[in-house]
Amino acid sequence: MASTDPQESVQELSPLPKVLVPKIPPSFCIIGEEPFTSTKFQYLKAYESPLPLDQFLATHAHSVKAILSTASAPVTADLLQLLPAVRLVVTTSAGLNQIDLPECRRRGIAVANVATVYSADVADLAVGLLIDVLRKISASNRYVKQGNWPTRGDYPLGSKLGGKRVGIVGLGNIGYEVAKRLEAFGCCISYNSRKKKPYVSYPFYENVCELAANCDALIICCGLTDQTRHLINKEVLSALGKKGVIVNIGRGPIIDEKEMVRFLMEGKIAGAGLDVFENEPDVAKEFFALDNVVLSPHCAVFTPESVKDLSELVVGNLEAFFSNKPLLSEYVDE
Amino acid sequence: MESIGVLMTCPPNFPYLVEELEKRFTLYKLQNAPDKTHFINSHKNSIRAVVGNAGFGADAELIEQLPKLEIVSSFSVGLDKVDLPKCKEKRIRVTNTPDVLTNDVADLAIGLMLAVLRRLCESDRYVRSGKWKKGDYKLTTKFTGKSVGIIGLGRIGMAIATRAEAFSCPISYYARTEKPDVKYRYYPSVIELAANCQILVVACALTEETHHIVNREVMNALGPKGVLINIGRGPHVDEPELVSALLEGRLGGAGLDVFEDEPNVPEPLFGLENVVLLPHVGSGTVETRKAMADLVVGNLEAHFLKKPLLTPVV
């Protein structure tokens with residue numbers, strides 16, 4: 001049928017299968033789109049169309065078999081309803097909380113995640129934040145750069161990392177990478193996870209409160225699900241105690257942020273290193289007055305190295321899918 | 001032992017050390033004296049020991065002024081502020097605080113690497129300034145897998161190596177001589193080491209030979225993507241050259257815990273987002289400073305009880 005819509009004409013002529021991209025992925029902006037392109041498929045960029053998403057989908061997306069999802073483009077049941085041919089969702093974000101996983105399962109739609117492309121960078125940031133909080137790196141750098149060392153003398157002492165009992169909340173790819181690194185600093189690792197992991201010998205705690213009670217530092221490495229929302233609550237923070245430190249590189253809503261702020265302000269925990277917050281990019285201004293808190297603008301994965309690795313994985317997964325080969329990184333819920 | 005005089009040449013800032021010394025000795029605090037020369041002169045016949053630190057030790061002049069001096073016990077592992085040949089000549093014992101601070105210093109070296117490469121301090125500043133509401137912070141550089149070159153593979157250098165290995169960093173080193181049972185790649189000169197690594201860390205002792213061991217040529221070899229980490233002593237690095245290398249972009253970044261003239265730090269470095277500056281806190285934890293103080297006191301006690309010294313150097 002004749003159409004004045006240039007995009008539709010291109011689609012009719014082109015034999016390449018289409019991948020729907022509802023919103024521009026941050027990584028396209030970071031390293032450009034070229035590393036993500038392939039001769040085996042083309043992107044259908046809803047964000048380039050003036051039409052609202054559902055209209056765009058109704059017009060162009062009936063044959064779309066795959067979606068490239070990002071943190072800001074949720075894959076909901078409603079969206080999937082409009083895309084009857086979709087058989088695959090590929091995500092560029094470490095988290096899967098924006099994807100309706102049960103609905104995908106119900107419809108037989110496979111999900112390809114980022115596997116381990118980000119794990120090293122995120123683990124590095126977690127370790128960096130922990131060292132920063134304990135050894136007051138950001139705070140004392142600020143002190144020196146404000147010219148205070150000659151006038152106000154030595155900076156207060158920090159706390160030794162070696163020998164600290166570190167509790168990992170969520171021992172997945174990222175949690176495991178954090179654990180391996182911290183072992184080299186002489187930390188004692190224990191963890192809480194949905195299930196005990198047979199391949200590690202770290203002590204396992206079935207409940208996160210008990211983990212907190214037996215640790216000097218908690219590192220939040222789990223995903224955000226209904227079960228983990230506000231997992232770190234008043235009870236857990238109390239169990240962690242006045243000398244305890246918390247690092248969050250998971251998702252903001254895993255921690256009850258209001259409680260954490262209160263605990264920090266009242267000196268009921270010793271410090272925090274946070275890359276994620278409940279309402280990004282809004283960050284509680286109470287944090288700004290605290291020297292024992294290190295704040296990071298949700299950038300654990302943003303290095304050119306990781307984004308390049310991501311592009312190779314995304315292309316690899318999509319090419320495999322369109323040639324009926326096994327996905328490189330299919331997410332399988334344990 | 002109360003009649004034994006101990007002269008503390010460093011500022012009496014660490015209460016635990018001061019208390020423990022005062023329990024056992026008569027402690028003379030040089031930094032509190034309005035007229036230092038007069039102070040030393042008044043007490044020189046009772047002073048049998050000196051306690052110094054990384055910043056204040058016992059130079060030839062001081063040693064000559066203390067006829068009863070038997071031992072210098074440094075609250076540091078570095079002894080560049082103690083005239084060791086003079087002590088040897090006068091049969092004065094010298095002790096330091098090795099091992100107890102190795103882990104803290106190595107932890108800080110890695111902390112500085114992460115802080116510089118991942119811009120921890122700058123992105124903390126970004127959030128605090130409210131800029132995150134306007135847009136994401138820019139890309140930083142991955143640390144895992146970067147090659148790390150260590151100048152000086154002693155206790156601290158080795159501890160840095162084992163930590164960096166956990167981040168899959170290939171390790172290479174320069175030392176006066178190649179170490180036979182070490183698996184890391186050896187380079188016979190600092191400039192070759194710098195040319196072949198992405199992160200160069202100074203972890204050797206400060207001696208006449210290692211003064212300005214990181215000079216302009218080394219910094220140029222390390223390059224515009226290279227990062228220098230100094231947890232040794234300020235004078236290891238030619239500081240004015242470091243400032244111009246950073247300002248001109250010939251060096252990619254720096255994480256510095258030590259400076260040529262502490263506590264003075266070159267102000268042109270304050271505005272650089274690829275530079276992290278710390279106020280000499282390598283061993284600065286409650287736990288380690290206490291352990292160091294125990295060693296200082298323990299060495300002095302051992303000496304005056306005629307027992308073997310715990311950690312003698314001379």
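Every chain is numbered from 1, with letters handed out A, B, ... down the list of sequences. Because only heavy atoms are used, hydrogens play no part in the values below, and waters and symmetry mates are left out as well, while side chains stay in.
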> Any idea which of A/Pro156, A/Pro26, A/Pro281, A/Ala184 has the most non-hydrogen atom pairs under 4.5 angstrom with chain B?
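Ranked by heavy-atom pairs under 4.5 Å with chain B, first place is A/Pro281.
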> If we define contacts as heavy-atom pairs under 4.5 Å, which of A/Ile131, A/Asn148, A/Asp124, A/Thr151 has the most with chain B?
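That would be A/Asp124.
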> Among A/Val307, A/Leu290, A/Asp154, A/Leu274, single out the residue with the greatest number of heavy-atom pairs under 4.5 Å to chain B.
A/Leu290
> Roughly how far, to the nearest 0.5 Å, is the CZ atom of B/Phe270 from the CZ atom of A/Arg142?
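So the gap between those two atoms works out to 15.0 Å.
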> Is a side-chain donor or acceptor of B/Arg118 paired with a backbone partner of A/Leu129 at a separation under 3.5 angstrom?
no
> Between chain A and each of B/Asn103, B/Leu139, B/Leu114, count heavy-atom pairs under 4.5 Å; write down the option with the most.
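Answer, by heavy-atom pair count under 4.5 Å with chain A: B/Leu139.
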> Can any side-chain N or O of B/Arg163 pair as donor or acceptor with the backbone N or O of A/Arg181 at less than 3.5 Å?
no
> With a 4.5 Å heavy-atom cut-off, do B/Lys133 and A/Val283 have their side chains touching?
no
> Side chain, backbone, both or neither: which part of A/Tyr118 has a heavy atom under 4.5 Å from chain B?
neither
> Run the numbers on B/Leu277 and A/Trp149 for side-chain contact (heavy atoms from CB on, under 4.5 Å), then give the verdict.
CA-CA 11 Å; B/Leu277 306 170; A/Trp149 193 13; over 6 Å; no
> Taking all heavy atoms of A/Arg135 and all of B/Gly282, pick out the closest pair and write down the distance.
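Taking every non-hydrogen atom into account, NH2-O, 2.9 Å.
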> side-chain contact (heavy atoms from CB on, under 4.5 Å) for B/Ile110 and A/Phe185? Distances and angles first, verdict last.
CA-CA 10 Å; B/Ile110 304 290; A/Phe185 293 83; 3.7 Å; yes
> Measuring from atom OG of A/Ser138 to atom CZ of B/Arg128, what distance do you get when rounded to the nearest 0.5 angstrom?
8.0 Å
> Quick one: does any side-chain atom of B/Asp124 pair with a main-chain N or O of A/Leu295 as donor and acceptor, under 3.5 Å?
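Side chain of B/Asp124 to backbone of A/Leu295: a pair is present.
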> Assess whether atom NZ of A/Lys258 is packed by more than 12 heavy atoms of other residues, nucleotides or ligands within 6.0 Å.
no
> Looking only at heavy atoms, which two atoms of B/Val127 and A/Ser296 are closest? And how far apart?
CG2-C, 3.9 Å
> List the steps, then state whether side-chain contact (heavy atoms from CB on, under 4.5 Å) holds for A/Leu157 with B/Glu287.
CA-CA 9 Å; A/Leu157 296 177; B/Glu287 298 91 333; over 6 Å; no
> Counting only heavy atoms closer than 4.5 Å, note whether A/Val294 contacts chain B via side chain, backbone, both or neither.
both
> Contact part of B/Ser283 toward chain A, heavy-atom cut-off under 4.5 Å: side chain, backbone, both or neither?
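Answer is backbone: N, CA, C or O of B/Ser283 sit under 4.5 Å from chain A.
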> Looking at B/Asp104, B/Leu117, B/Val286, which has the largest count of heavy-atom pairs under 4.5 Å with chain A?
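So the answer, after comparing B/Asp104, B/Leu117, B/Val286, is B/Asp104.
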> Flag the one option from B/Leu112, B/Val276, B/Val281 with the top tally of heavy-atom pairs under 4.5 Å to chain A.
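That would be B/Val276.
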> Below 4.5 Å from any heavy atom of chain A, which atoms of B/Tyr126 appear? Answer side chain, backbone, both or neither.
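Only the side chain of B/Tyr126 comes within 4.5 Å of chain A.
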> With rounding to the nearest 0.5 angstrom, report the CG to CG distance, A/Asn141 to B/Leu278.
6.5 Å
> To the nearest 0.5 angstrom, please state how far the NZ atom of A/Lys160 sits from the CG atom of B/Asp107.
7.5 Å
> Salt bridge or not between B/Glu273 and A/Lys145? Use side-chain N to carboxylate O under 4.0 Å.
no
> Compare every heavy atom of A/Ile137 with every heavy atom of B/Ala115, then report the nearest pair and how far apart it is.
CB-CG2, 4.1 Å
> Starting at CG of A/Leu125, measure out to NZ of B/Lys142 and round the result to the nearest 0.5 Å.
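It is 13.0 Å, given to the nearest 0.5 Å.
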> So which residues of residues 288-298 of chain B are in contact with chain A at a heavy-atom cut-off of under 4.5 Å?
B/Thr288, B/Arg289
> If you count heavy-atom pairs under 4.5 Å between each of B/Glu262, B/Glu122, B/Glu267 and chain A, which one has the most?
B/Glu262
> Determine which pairs satisfy ring pair (Phe, Tyr, Trp, His ring centres under 6.0 Å) with at least one residue from residues 122-143 of chain A, sequence neighbours left out, and list them in order.
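Every ring pair (Phe, Tyr, Trp, His ring centres under 6.0 Å) pair that includes a residue of residues 122-143 of chain A, provided the two are not neighbours, is A/Tyr143-A/Tyr155.
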> How close do B/Tyr137 and A/Pro297 get, heavy atom to heavy atom, and via which atoms?
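In this case the closest contact between B/Tyr137 and A/Pro297 is CB-CG, 3.6 Å.
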> Can you find a pair of side-chain heavy atoms, one from A/Ser159 and one from B/Thr285, that are under 4.5 Å apart?
no
> Working to the nearest 0.5 angstrom, can you tell me the gap between B/Trp132 CH2 and A/Asp282 CG?
9.0 Å
> With a 4.5 angstrom heavy-atom cut-off, could you sort out which part of B/Leu272 is near chain A: side chain, backbone, both or neither?
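For B/Leu272, the backbone is the part near chain A, not the side chain.
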